[in-house]
K.L.:
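Dropping a structure here in structure tokens format, bear with me for questions.
In this chain, numbering begins with 1 at the start of the sequence shown.
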Amino acid sequence: QVQLVESGGGSVQAGGSLKLSCAASGITFRNAYMGWFRQAPGKEREGVAAISTGGGNTNYADSVKGRFTISRDNAANTVYLQMNSLKPEDTHMYYCAAAGAWIRAPLESREYSYWGQGTQVTVSS
């Protein structure tokens with residue numbers, strides 16, 4: 001059974017930082033493209049960042065470039081999202097997702113087969 005468990009969310013003031021973690025089990029993690037997505041109530045889920053199996057390729061939404069960094073530790077079956085210079089508009093539920101080894105559109109949710117339950121990030125002004 002595949003499980004993706006996010007942690008690290010919380011409340012922070014604008015300009016602050018948070019680091020999200022996603023621990024994976026039930027999959028061959030080193031063969032999985034991993035992504036972070038976010039969703040606000042009543043809005044579509046949007047891709048935030050994605051990382052290839054070996055970590056050599058990363059993709060970011062324009063809204064987070066230069067502020068967020070995705071990384072992975074294949075030995076620990078964990079993917080991370082370091083979020084700096086947080087803004088109130090970053091307030092969302094953040095989800096971790098896993099896909100196959102190669103995907104066409106890393107920031108498109110349709111590419112991903114497995115999803116975590118999410119962790120809430122709230123940024124106050």
K.L.:
Excluding sequence neighbours, so at least two apart, what forms side-chain hydrogen bond (donor to acceptor under 3.5 Å, both in side chains) with Q39?
P.N.:
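side-chain hydrogen bond (donor to acceptor under 3.5 Å, both in side chains) list for Q39, sorted by chain: R45.
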
K.L.:
I need the single residue from M83, Q120, E6 that forms a side-chain contact (heavy atoms from CB on, under 4.5 Å) with Y94. Which is it?
P.N.:
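For Y94, the side-chain contact (heavy atoms from CB on, under 4.5 Å) test succeeds with only one of M83, Q120, E6, which is M83.
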
K.L.:
By side-chain hydrogen bond (donor to acceptor under 3.5 Å, both in side chains), which residues pair with K65, not counting sequence neighbours?
P.N.:
D62

K.L.:
Taking only residues two or more places apart in sequence or in another chain, which ones pass side-chain contact (heavy atoms from CB on, under 4.5 Å) with S7?
P.N.:
S21

K.L.:
Can you pull the disulfide bond (SG atoms under 2.5 Å apart) pairs that have at least one residue in residues 25-75, sequence neighbours excluded?
P.N.:
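Not a single pair qualifies under disulfide bond (SG atoms under 2.5 Å apart).
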
K.L.:
Under the rule for side-chain contact (heavy atoms from CB on, under 4.5 Å), what residues qualify as partners of S113, not counting sequence neighbours?
P.N.:
none

K.L.:
Taking all atoms of both residues into account, what is the closest heavy-atom pair of S85 and S17, and its distance?
P.N.:
N-OG, 4.3 Å

K.L.:
Name each donor-acceptor pair under 3.5 Å that joins a side chain in residues 23-36 to protein atoms two or more places apart or in another chain, with its distance.
P.N.:
from: W36; atom 1: NE1; to: Y80; atom 2: O; distance (Å): 3.4

K.L.:
Can you give me the closest heavy-atom contact between I103 and A99, atom names plus distance?
P.N.:
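Taking every non-hydrogen atom into account, CG2-CB, 3.8 Å.
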
K.L.:
How far does CE of M93 sit from OG1 of T119, to the nearest 0.5 angstrom?
P.N.:
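Answer rounded to 0.5 Å: 7.5 Å.
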
K.L.:
Who pairs with F37 by ring-ring contact (aromatic ring centres under 6.0 Å, His included), at least two apart in sequence or on another chain?
P.N.:
Y112, W115

K.L.:
Measure the CG-CG distance between L4 and N77 for me, rounded to the nearest 0.5 Å.
P.N.:
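Spacing of CG (L4) from CG (N77) equals 10.5 Å.
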
K.L.:
Applying disulfide bond (SG atoms under 2.5 Å apart) as the test, list every pair that has at least one member in residues 77-125; sequence neighbours left out.
P.N.:
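Sorted pair list: C22-C96.
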
K.L.:
V48 and V79: same hydrophobic cluster, using ILVMFWY side-chain contacts below 4.5 Å?
P.N.:
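Same hydrophobic cluster.
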
K.L.:
Please name all residues satisfying side-chain hydrogen bond (donor to acceptor under 3.5 Å, both in side chains) with D90, sequence neighbours left out, ordered by chain then number.
P.N.:
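Counting only residues at least two positions away or on another chain, D90 forms a side-chain hydrogen bond (donor to acceptor under 3.5 Å, both in side chains) with R38, R67.
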
K.L.:
What's the verdict on side-chain contact (heavy atoms from CB on, under 4.5 Å) for H92 and K43, showing C-alpha distance, side-chain angles and the deciding distance?
P.N.:
CA-CA 10 Å; H92 287 78; K43 296 192 176 181; 5.7 Å; no

K.L.:
Linking I/L/V/M/F/W/Y whenever any side-chain heavy atoms sit under 4.5 Å apart, do Y95 and V121 land together?
P.N.:
no

K.L.:
Would you say the side-chain atoms of T91 pair up with the backbone N or O of V123, donor to acceptor, closer than 3.5 Å?
P.N.:
yes

K.L.:
At their closest point, which heavy atom of L107 faces which heavy atom of A61, and how far apart are they?
P.N.:
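Closest pair (atom of L107, atom of A61, distance): CD1-N, 3.7 Å.
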
K.L.:
Does A101 have any side-chain contact (heavy atoms from CB on, under 4.5 Å) partners at least two apart in sequence or in another chain, and if so, which?
P.N.:
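Result, side-chain contact (heavy atoms from CB on, under 4.5 Å) vs A101: T53.
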
K.L.:
Measure the OG-NZ distance between S125 and K87 for me, rounded to the nearest 0.5 Å.
P.N.:
13.5 Å

K.L.:
Do T69 and Y60 have side chains that get closer than 4.5 Å, going by heavy atoms?
P.N.:
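Sidechains of Y60 and T69: in contact.
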
K.L.:
Let me confirm one number: the CG-CD distance from L18 to Q82, rounded to the nearest 0.5 Å.
P.N.:
8.5 Å

K.L.:
List for me each residue that meets side-chain hydrogen bond (donor to acceptor under 3.5 Å, both in side chains) alongside N74, sequence neighbours excluded, and say none if there are none.
P.N.:
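Here the qualifying residues are R72.
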
K.L.:
Among the clusters formed by ILVMFWY side chains lying less than 4.5 Å apart, do I51 and Y114 turn up in the same one?
P.N.:
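I51 clusters together with Y114.
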
K.L.:
Measure the shortest side-chain to side-chain distance between F68 and L86 over non-hydrogen atoms and say whether it is less than 4.5 angstrom.
P.N.:
yes

K.L.:
So, using salt bridge (charged side-chain N to carboxylate O under 4.0 Å, His left out) as the criterion, who are the partners of R110 when residues are at least two apart?
P.N.:
E108

K.L.:
Going from CD on Q3 to CD on Q117, what distance comes out if it is rounded to the nearest 0.5 angstrom?
P.N.:
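Taking CD in Q3 and CD in Q117, the distance rounds to 9.0 Å.
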
